[in-house]
Amino acid sequence: MATTYPTRHRLRVAVAGASGYAGGEFLRLAAQHPHLEIGALTAHSNAGTPLGAVQPHLRSLADRVLEPTTAEVLAGHDVVVLGLPHGASGELAAQLGDDVLVLDLGADHRLASAADWRAFYGSEHAGTWPYGLPELIVADDAGTGTQRERLAGVRRVAVPGCNVTAVTLGLQPGIAAGLLDPSDLVAVLANGFSGAGKALKPHLLAAEGLGAASPYAVAGTHRHIPEITQNLRTAGADAVSISFTPTLVPMARGILATATARLAPGRSVDADAVRAVWEQAYADEPFVELLPAGQWPSTAATLGSNAALVQVALDEAAGRVVTVTAIDNLVKGTAGQAVQAMNLALGLPETAGLATEGVAP
């Protein structure tokens, strides 16, 4: 039987890649989590540096010195978080014990298809772990449930991609209900610069990005595409075809995902019936909220929170359903999602350490 922990128990968590945006965001949340104690913090090129030199906002941890990222340093913890570049998690995770919960913030273990991994990442597949999107609708022979039930007691979690989370949450209710045609999906996203990581690249400099909006990974090349199609198949689609275009816009955090789909052949519904499908799907979700009719999501309203704000409408003239989803890419898109999955895996309250209130203005 999998171990669960009483609420009084403090769990030691190590973070590999603590100098990056994702690792730093996990630490921000972990520092306020009622059941966590922060253990080893590691980095690669920043090893030997005080955390406060690279994450100056984490005041309670500023004096902690970053250690090298090795299995020996990460040993002896209840939870290990891997905030590492793609391709770096598999070998390290294999050296950690089966009794430790490992949360991979990277892409290494998200895809079920080794062929998809090789096609989009160009290396050998490290294997597939339980998928860490609790709200993912799962339609299988046993009926329709969510991924939440499949996370209880697991010791490996692949944390989903940020863009994937936004598009999946927008479209999946209509896919699961058979309302949408999954062969004609279009998603256009506005993305904050933190989603590109901390690497020093010319197009990520303020001089290049401020006052500009620029697309990237256009025409079916973005690595999140196979993960999106995988999720929508899990939700009940037979086959998925999606045109996916992300765009960098001048904000540090956030994703605003506009995803549209034609109504499924033979389906004739009004706007109220469309809305009812999304209302039913998310009625009991603690972090996904369908906004009141006519109110549209804004990335500013999700800043710093684990909330996903969703709206849906019917474009009758075009015969398309339009969904708009806003998330903070570093919280619900990465670190908050990891905390949420961690809570479920360890038998803690799912909402522990997570907020739905954003920061404004």
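Here the structure is a predicted model, which is why all the values come from computation and not from measurement.
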**Under 3.5 Å donor-acceptor, Glu149 side chain and Thr146 backbone** = yes
**Prompt:** With sequence neighbours excluded, what pairs up with Tyr282 under the side-chain contact (heavy atoms from CB on, under 4.5 Å) test?
**Reply:** Leu169, Gln172, Pro173, Trp278, Glu285, Val288
**Prompt:** Is atom CD of Gln280 surrounded by more than 12 heavy atoms (other residues, nucleotides or ligands) closer than 6.0 Å?
**Reply:** no
**Prompt:** What's the spacing between Leu36 CG and Leu11 CG if we round to 0.5 Å?
**Reply:** 6.0 Å
**Leu185 side chain near Leu232 side chain, heavy-atom distance below 4.5 Å** = yes
**Message:** Quick check for you: to the nearest 0.5 Å, what is the distance between Leu61 atom CG and Ile38 atom CD1?
**Reply:** 4.5 Å
**Item:** Audit row: Asn306, Leu29, side-chain contact (heavy atoms from CB on, under 4.5 Å) steps and yes/no
**Value:** CA-CA 10 Å; Asn306 200 52; Leu29 299 174; over 6 Å; no
**Request:** Check side-chain contact (heavy atoms from CB on, under 4.5 Å) between Ser241 and all other residues, then give those that pass, not counting sequence neighbours.
**Result:** none
**Fill in**
Residues passing the side-chain contact (heavy atoms from CB on, under 4.5 Å) test with Ala187, sequence neighbours excluded, are Val167, Leu189, Ile242, Phe244, Ala259
**Item:** Cluster link Val324 to Val274, ILVMFWY, side chain under 4.5 Å
**Value:** no
**Message:** Going by the rule salt bridge (Lys or Arg N to Asp or Glu O under 4.0 Å), which residues pair with Arg275 if we only count those two or more places apart in sequence or in a different chain?
**Reply:** Glu279
**Donor-acceptor pair, side chain of Asp181 and main chain of Leu263, under 3.5 angstrom** = no
**Request:** Write down the atom of Gly24, the atom of Leu58, and the distance for their closest heavy-atom approach.
**Result:** O-CD1, 3.8 Å
**Asked** What pairs of residues pass the salt bridge (charged side-chain N to carboxylate O under 4.0 Å, His left out) test when at least one of them lies in residues 59-71, not counting sequence neighbours?
**Response** none
**Request:** Could you tell me the separation between the NE2 atom of His44 and the OG atom of Ser19, rounded to the nearest 0.5 Å?
**Result:** 10.0 Å
**Residue list, side-chain hydrogen bond (donor to acceptor under 3.5 Å, both in side chains) with Thr69, at least two apart or on another chain** = Thr42
**Message:** Within the structure provided, determine whether Asp116 and Gln230 are in side-chain contact (heavy-atom separation under 4.5 Å).
**Reply:** no
**Item:** Expected output: side-chain Arg118 to main-chain Glu124 donor-acceptor under 3.5 Å
**Value:** no
**Asked** Quick one: do Val159 and Val164 end up in the same hydrophobic cluster if we chain Ile, Leu, Val, Met, Phe, Trp and Tyr together by side-chain heavy atoms under 4.5 Å apart?
**Response** no
**Hydrophobic cluster membership, Val138 vs Leu171, 4.5 Å side-chain cutoff** = no
**Asked** From Phe287 CZ over to Gln340 CD, what is the distance, rounded to the nearest 0.5 angstrom?
**Response** 5.0 Å
**Complete:** Tightest non-hydrogen contact, residues Ala264 and Gly178, listed as CB-O, 3.5 Å
**Asked** Between Asn46 (side chain) and Thr49 (backbone), is there a donor-acceptor pair under 3.5 Å?
**Response** no
**Prompt:** Do Val81 and Tyr131 share a hydrophobic cluster (ILVMFWY, side-chain heavy atoms under 4.5 Å, transitive)?
**Reply:** no
**Asked** Do you know which two heavy atoms are closest between Leu151 and Pro134, and how far apart they sit?
**Response** CD1-CG, 4.0 Å
**Prompt:** Picking from Val157, Val13, Val15, what satisfies side-chain contact (heavy atoms from CB on, under 4.5 Å) with Leu103?
**Reply:** Val157
**Prompt:** Can the ring centres of His222 and Tyr216 be said to be less than 6.0 Å apart?
**Reply:** yes
**Asked** Under 3.5 Å, side chain of Asp108 to main-chain N/O of Ser89, donor-acceptor pair present?
**Response** yes
**N/O donor-acceptor pair under 3.5 Å between Arg156 side chain and Val100 backbone** = yes
**Prompt:** Counting distance only, does the side-chain N/O of His125 pair as donor-acceptor with the main-chain N or O of Leu111 below 3.5 Å?
**Reply:** yes
**Message:** Taking the side chain as everything from C-beta on, heavy atoms only, tell me whether Glu37 gets closer than 4.5 Å to Asp78.
**Reply:** no
**Asked** Would a distance-only check, ignoring hydrogens and angles, find a side-chain to backbone donor-acceptor pair under 3.5 Å from Gln55 to Ala18?
**Response** yes
**Message:** Nearest 0.5 angstrom please: Thr325 OG1 to Leu290 CG, how far?
**Reply:** 9.5 Å
**Item:** Set of salt bridge (Lys or Arg N to Asp or Glu O under 4.0 Å) partners for Glu227, sequence neighbours left out
**Value:** Arg110
**Message:** With a sphere of 6.0 Å drawn around CD of Gln32, does it hold more than 12 non-hydrogen atoms of other residues, nucleotides or ligands?
**Reply:** no
**Asked** If every non-hydrogen atom of Thr356 is compared with every non-hydrogen atom of Pro286, which pair is closest and at what distance?
**Response** CG2-O, 3.6 Å
**Message:** What verdict does the side-chain contact (heavy atoms from CB on, under 4.5 Å) test give for Thr165 and Gln337, after you've listed the backbone C-alpha separation in whole Å, the side-chain angles of each residue and the deciding distance to 0.1 Å?
**Reply:** CA-CA 9 Å; Thr165 297; Gln337 191 123 269; 2.8 Å; yes
**Prompt:** Hey, does Arg155 have a side-chain heavy atom less than 4.5 Å from the side chain of Asp98?
**Reply:** no
**Message:** Could you report the tightest heavy-atom contact between Thr302 and Asp328, atom names first, then the distance?
**Reply:** OG1-N, 3.3 Å
**Distance in Å, Ser183 OG paired with Asp238 CG, rounded so as to fall on 0.5 Å steps** = 10.5 Å
**Asked** Checking side chain to side chain donor-acceptor pair (under 3.5 Å) for the pair Asn329/Asn191: CA distance, chi angles, key distance, verdict?
**Response** CA-CA 8 Å; Asn329 60 293; Asn191 304 73; over 6 Å; no
**Request:** Not counting sequence neighbours, which residues clear salt bridge (Lys or Arg N to Asp or Glu O under 4.0 Å) with Arg320? List them please.
**Result:** Asp184
**Request:** Output all residues satisfying salt bridge (Lys or Arg N to Asp or Glu O under 4.0 Å) with Arg233, sequence neighbours left out; order by chain, then residue number.
**Result:** none
**Prompt:** Hey, are the side chains of Ile137 and Thr234 touching, using non-hydrogen atoms and a 4.5 Å cut-off?
**Reply:** no
**Asked** Do His86 and Ser123 have side chains that get closer than 4.5 Å, going by heavy atoms?
**Response** no
**Request:** List, by chain and then residue number, the residues other than Leu291 in its hydrophobic cluster (Ile/Leu/Val/Met/Phe/Trp/Tyr, side-chain heavy atoms under 4.5 Å); write none if there are no others.
**Result:** Leu309
**Request:** List the steps and the verdict of side-chain contact (heavy atoms from CB on, under 4.5 Å) for His109 and Thr128.
**Result:** CA-CA 5 Å; His109 302 94; Thr128 306; over 6 Å; no
**Request:** Step by step, work out the side-chain contact (heavy atoms from CB on, under 4.5 Å) result for Val79 and Leu346.
**Result:** CA-CA 10 Å; Val79 181; Leu346 296 175; 3.9 Å; yes
**Item:** By side-chain contact (heavy atoms from CB on, under 4.5 Å) - contacts of Ala22 (at least two apart)
**Value:** Leu105, Thr334
**Asked** Would you say Thr299's side chain and Leu256's backbone share a donor-acceptor pair under 3.5 angstrom?
**Response** no
**Item:** Main-chain N/O of Glu135 paired to Gln147 side chain as donor or acceptor, under 3.5 Å
**Value:** no
**Asked** By side-chain hydrogen bond (donor to acceptor under 3.5 Å, both in side chains), which residues pair with His33, not counting sequence neighbours?
**Response** Asn343
**Prompt:** Taking all atoms of both residues into account, what is the closest heavy-atom pair of Ala93 and Leu82, and its distance?
**Reply:** CB-CD1, 4.2 Å
